[in-house]
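Treat the numbers as computed from the prediction; the structure is a model and nothing was measured. Computed over heavy atoms, backbone and side chain alike; hydrogens, waters and symmetry mates excluded.
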Amino acid sequence: MIKFTEEHEWVRLDGKVAVVGITAHAASELGDLVFVELPEVGTIVSQGDEAATVESVKAASEIYAPLDGEIVSVNKAIVEDPSIVNSDPTGAGWFFKMKLTDEGQLDELMDETEYNDMIG
């Protein structure tokens with residue numbers, strides 16, 4: 001199951017841990033990424049908090065925590081090579097993993113059909 005936010009993050013549950021990244025639409029709109037800053041492991045975030053930053057040839061943008069929880073892992077590979085986000089945004093280009101405080105918050109996010117309708 002993959003869910004989406006209005007801010008163009010995706011969330012996929014991997015057991016009890018949520019994997020978070022940005023959508024292919026967001027990666028395309030940003031253009032070629034040149035810099036990624038990730039949160040520290042152990043950071044407690046609330047839904048809507050700024051959790052990461054990306055910079056592209058076009059602009060800088062914040063990546064928001066899609067749910068409440070604790071950052072338990074970050075993808076250092078995208079810091080070393082931000083182009084991974086552009087080439088595989090929903091696979092190898094994930095940003096961070098979270099231990100969720102309330103899995104029920106997932107129900108508030110959009111499914112793929114709703115997200116595709118939003119980006120039209």
Side-chain angles (χ1 to χ4, degrees):
M1 172 182 66
I2 188 165
K3 295 284 203 162
F4 300 88
T5 70
E6 292 182 3
E7 291 76 28
H8 308 286
E9 290 94 13
W10 58 262
V11 181
R12 183 180 57 239
L13 269 187
D14 183 10
K16 293 275 186 189
V17 174
V19 184
V20 178
I22 63 172
T23 65
H25 173 76
S28 174
E29 290 293 308
L30 286 166
D32 293 334
L33 296 186
V34 294
F35 175 79
V36 175
E37 181 178 10
L38 297 172
E40 296 286 325
V41 171
T43 303
I44 305 296
V45 294
S46 296
Q47 189 174 37
D49 285 354
E50 294 177 3
T53 302
V54 295
E55 290 181 22
S56 70
V57 293
K58 293 181 180 177
S61 184
E62 302 300 327
I63 307 301
Y64 299 97
L67 304 161
D68 296 347
E70 177 182 357
I71 306 297
V72 295
S73 180
V74 296
N75 186 357
K76 294 179 181 174
I78 64 171
V79 174
E80 309 253 332
D81 183 3
S83 71
I84 295 170
V85 178
N86 293 106
S87 63
D88 192 8
T90 55
W94 62 276
F95 277 63
F96 52 87
K97 295 181 180 179
M98 303 176 63
K99 181 179 174 186
L100 301 180
T101 304
D102 177 7
E103 286 186 28
Q105 286 182 314
L106 279 167
D107 295 336
E108 301 168 12
L109 303 181
M110 292 179 278
D111 63 25
E112 190 166 5
T113 301
E114 292 168 325
Y115 179 75
N116 287 333
D117 286 347
M118 184 189 84
I119 62 174

Using atom types as modelled, flag every donor-acceptor pair under 3.5 Å from a side chain in residues 16-37 to any protein atom, sequence neighbours excluded.
residue: Thr23; atom: OG1; partner: Ala26; partner atom: N; Å: 3.0
residue: Thr23; atom: OG1; partner: Tyr115; partner atom: OH; Å: 2.8

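- In this structure, OG1 in Thr90 is found 7.0 Å from CZ in Arg12, a value given to the nearest 0.5 Å.
- Both Ile63 and Leu100 belong to a single network of hydrophobic side chains, linked directly or stepwise wherever heavy atoms of I, L, V, M, F, W or Y lie under 4.5 Å apart.
- Listed here is the closest heavy atom pair of Thr5 and Met118: O-CE, 4.4 Å.
- One hydrophobic cluster, built from ILVMFWY side chains closer than 4.5 Å, cannot hold both Val74 and Trp10; they sit in different ones.
- Formation of a donor-acceptor pair under 3.5 Å by the Glu80 side chain with backbone atoms of Ala77 is not found in this model.
- By the 4.5 Å heavy-atom criterion applied to side chains, Ile78 and Val85 are counted as neighbours.
- The heavy-atom pair separating Ala52 from Phe95 by the smallest distance is CB-CD2, 4.2 Å.
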### Message
Determine whether Asp117 and Glu114 satisfy the following criterion, side chain to side chain contact (heavy atoms under 4.5 Å, CB included), listing intermediate values before the conclusion.
### Response
CA-CA 5 Å; Asp117 286 347; Glu114 292 168 325; 5.6 Å; no

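- Nearest approach of Leu13 to Glu103, heavy atoms of both residues: CD1-OE1, 4.1 Å.
- Put simply, CD1 on Ile44 and NZ on Lys99 are 9.0 Å apart, with the number rounded to the nearest 0.5 Å.
- When all heavy atoms are compared, the tightest approach of Thr43 to Glu40 is OG1-O, 2.7 Å.
- When every heavy atom of Met98 is checked against every heavy atom of Asp68, the shortest pair comes out as CE-C, 3.9 Å.
- Counting heavy atoms from C-beta outward, Leu109 and Gln47 have side chains that approach closer than 4.5 Å.
- Between the Asp49 side chain and the Ala51 main chain, no donor and acceptor come within less than 3.5 Å of each other.
- Every side chain to side chain contact (heavy atoms under 4.5 Å, CB included) that Ser73 has, sequence neighbours left out, goes to Trp94, Lys97.
- Looking only at side-chain heavy atoms (C-beta outward), His8 and Ile119 come within less than 4.5 Å of each other.
- Formation of a donor-acceptor pair under 3.5 Å by the Glu112 side chain with backbone atoms of Ile2 is not found in this model.
- The number of heavy-atom neighbours closer than 6.0 Å to CD of Glu6, taken from other residues, nucleotides and ligands shown, is 12 or below.
- Glu50 contributes atom CD, which lies 5.0 Å from atom OH of Tyr64 (distance to the nearest 0.5 angstrom).
- The nearest pair of heavy atoms linking Asp81 to Ser83 is OD1-OG, 2.5 Å.
- Residues forming a side chain to side chain contact (heavy atoms under 4.5 Å, CB included) with Asp88 (at least two apart in sequence, or on another chain): Ala92.
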